[in-house]
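Here's the structure we're looking at; comments come further down.
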Amino acid sequence: NLPVVETSARFNINVETCFTALVQMLDKTRGKPKIIPYLDAYKTQRQLVATATDKFEKLIVQTVRDYHATWKTVSNKLKNHPDYEDYINLEGTQKAKNTFSKHIEQLKQEHIRKRREEYFSTLPRTLNTLMSNLEEIEHLNWSEAPKLLEKRTDFHIWFVVLEKSPWDQTEQLDKVNDKRVDRKSV
């Protein structure tokens with residue numbers, strides 16, 4: 001006449017119920033334990049995790065707007081926030097850090113996309129200013145045309161030559177006030 005409680009420590013399903021049932025069996029003054037079937041408890045736990053995940057992801061999106069943010073800084077800032085605490089308790093710090101890292105990567109990719117759009121929007125005007133006479137380059141092949149551009153006296157006003165490439169892995173990525181185009185990205 002012993003109750004059977006299916007549990008999963010990995011997914012935190014019925015663990016508390018199991019201990020509560022054990023205590024209630026030992027202490028007859030308490031009421032009869034209510035044993036929740038495993039599948040029902042599993043569904044409830046997954047819903048709890050899904051809700052906590054949604055709230056945590058929204059919290060990260062609202063809080064972190066700069067891809068230079070660090071996990072240490074953000075986790076310290078959020079450590080007393082209930083949505084942060086719930087997620088950490090249910091899923092753990094590593095999953096929270098992974099969610100944060102994915103968000104940081106999305107922010108960085110969005111920044112790169114915007115910078116690339118800026119480059120492409122200024123490129124026609126830049127090339128038109130440097131090469132107003134297209135007859136100068138009609139006879140050149142692709143590798144000769146950039147060399148001719150580099151010889152222009154105002155080349156460095158419109159272009160920046162980076163030592164490393166690709167440009168989105170250099171300091172130039174964060175120099176938002178420098179509107180010059182990386183020569184290698186053209």
Side-chain angles (χ1 to χ4, degrees), residues 10 46 49-186:
R10 180 176 181 206
R46 290 290 89 198
V49 168
T51 301
T53 300
D54 287 345
K55 288 180 177 180
F56 178 71
E57 288 173 351
K58 286 177 184 171
L59 179 63
I60 290 294
V61 168
Q62 291 169 353
T63 306
V64 183
R65 300 187 185 273
D66 179 9
Y67 74 90
H68 293 97
T70 65
W71 171 247
K72 185 177 180 181
T73 304
V74 171
S75 62
N76 282 336
K77 182 178 179 182
L78 298 177
K79 69 180 169 186
N80 292 324
H81 196 286
D83 293 341
Y84 172 82
E85 292 295 328
D86 288 347
Y87 188 76
I88 296 291
N89 290 333
L90 288 169
E91 290 290 88
T93 304
Q94 191 56 49
K95 274 198 173 182
K97 191 174 182 179
N98 290 346
T99 300
F100 167 81
S101 297
K102 286 177 187 174
H103 179 66
I104 290 295
E105 185 58 30
Q106 288 173 341
L107 289 175
K108 183 174 183 181
Q109 292 307 316
E110 179 64 17
H111 180 73
I112 290 170
R113 185 191 63 74
K114 286 179 181 175
R115 290 300 307 264
R116 188 174 282 129
E117 283 178 5
E118 288 174 8
Y119 286 157
F120 287 138
S121 69
T122 62
L123 197 56
R125 183 173 49 116
T126 300
L127 292 175
N128 191 38
T129 303
L130 288 174
M131 290 279 175
S132 56
N133 183 3
L134 292 179
E135 292 173 3
E136 291 181 69
I137 59 169
E138 280 182 337
H139 65 282
L140 301 176
N141 64 36
W142 180 247
S143 63
E144 294 172 328
K147 291 176 186 171
L148 181 64
L149 281 175
E150 285 180 28
K151 291 179 184 176
R152 301 287 186 190
T153 56
D154 51 352
F155 173 81
H156 289 288
I157 295 172
W158 297 98
F159 287 94
V160 60
V161 180
L162 302 173
E163 298 295 321
K164 294 189 314 184
S165 66
W167 67 271
D168 58 4
Q169 295 176 7
T170 68
E171 292 176 2
Q172 188 67 21
L173 179 62
D174 293 323
K175 294 181 180 177
V176 292
N177 292 329
D178 187 353
K179 302 296 182 190
R180 296 178 296 165
V181 179
D182 170 33
R183 188 192 69 75
K184 293 179 184 177
S185 67
V186 177

Separation between CG of L162 and OG1 of T170, rounded to the nearest 0.5 Å:
4.5 Å
How about I60 and L78: do any of their side-chain heavy atoms sit closer than 4.5 Å?
yes
More than 12 heavy atoms from other groups under 6.0 Å of CD on E117:
yes
T70: partners by side-chain contact (heavy atoms from CB on, under 4.5 Å), with sequence neighbours left out:
K72, T73
State, with a plain yes or no, whether a side-chain heavy atom of V61 is found less than 4.5 Å away from one of H103.
yes
What residues, two or more places apart in sequence or in another chain, satisfy side-chain contact (heavy atoms from CB on, under 4.5 Å) together with N177?
none
Which atoms form the tightest heavy-atom contact between V74 and A69, and what is the distance?
CG2-CB, 4.1 Å
Those residues that, when tested against K179, pass side-chain contact (heavy atoms from CB on, under 4.5 Å) (two or more places apart)
E118
Atom pair CZ (R113) and CG (D168), whose distance is rounded to the nearest 0.5 Å
14.0 Å
OG-CZ distance between S121 and R116, expressed to the nearest 0.5 angstrom:
13.0 Å
Is there a side-chain contact between Y84 and S75 (heavy atoms, below 4.5 Å)?
yes
Quick one: CG on N98 to CH2 on W71, what's the gap to the nearest 0.5 Å?
9.5 Å
Donor-acceptor contact present, side-chain H111 to main-chain L173, <3.5 Å
yes
What side chain to side chain donor-acceptor pair (under 3.5 Å) pairs are there with at least one residue in residues 56-68, not counting sequence neighbours?
D66-H68, Y67-D174, H68-D174
CG-OG1 distance between L59 and T99, expressed to the nearest 0.5 angstrom:
11.5 Å
List for me each residue that meets side-chain contact (heavy atoms from CB on, under 4.5 Å) alongside N80, sequence neighbours excluded, and say none if there are none.
none
For N141, check side-chain hydrogen bond (donor to acceptor under 3.5 Å, both in side chains) against everything at least two apart and list the hits.
S143
Please find the pair of heavy atoms, one from F159 and one from L127, that lie closest to each other, and give the distance.
CZ-CD2, 4.2 Å
Taking T129's backbone N and O only, do any of them form a donor-acceptor pair with S132's side chain (distance below 3.5 Å, no angle check)?
no
Side-chain heavy atoms of F155 within contact of V161, under 4.5 Å
yes
On a heavy-atom basis, the closest approach of L140 and A145 is CD1-CA, 4.1 Å
Which atoms form the tightest heavy-atom contact between V160 and R180, and what is the distance?
CG2-NH2, 3.7 Å
Write out all pairs satisfying salt bridge (Lys or Arg N to Asp or Glu O under 4.0 Å) with one or both partners inside residues 134-146, taking only residues at least two apart or from two chains.
E136-R152
Measure across R115 and D178 and return the closest heavy-atom pair with its distance rounded to 0.1 Å.
NH2-O, 3.2 Å
Is there a side-chain contact between T122 and R125, using heavy atoms and a 4.5 Å cut-off?
yes
Between CZ on residue R46 and CG on residue L90, distance to nearest 0.5 Å:
8.5 Å
Tell me every residue that passes salt bridge (Lys or Arg N to Asp or Glu O under 4.0 Å) with K95, counting only those two or more places apart in sequence or in another chain.
E91
Only pairs at least two apart or in different chains count here, so list each salt bridge (Lys or Arg N to Asp or Glu O under 4.0 Å) that has a residue in residues 97-109.
none
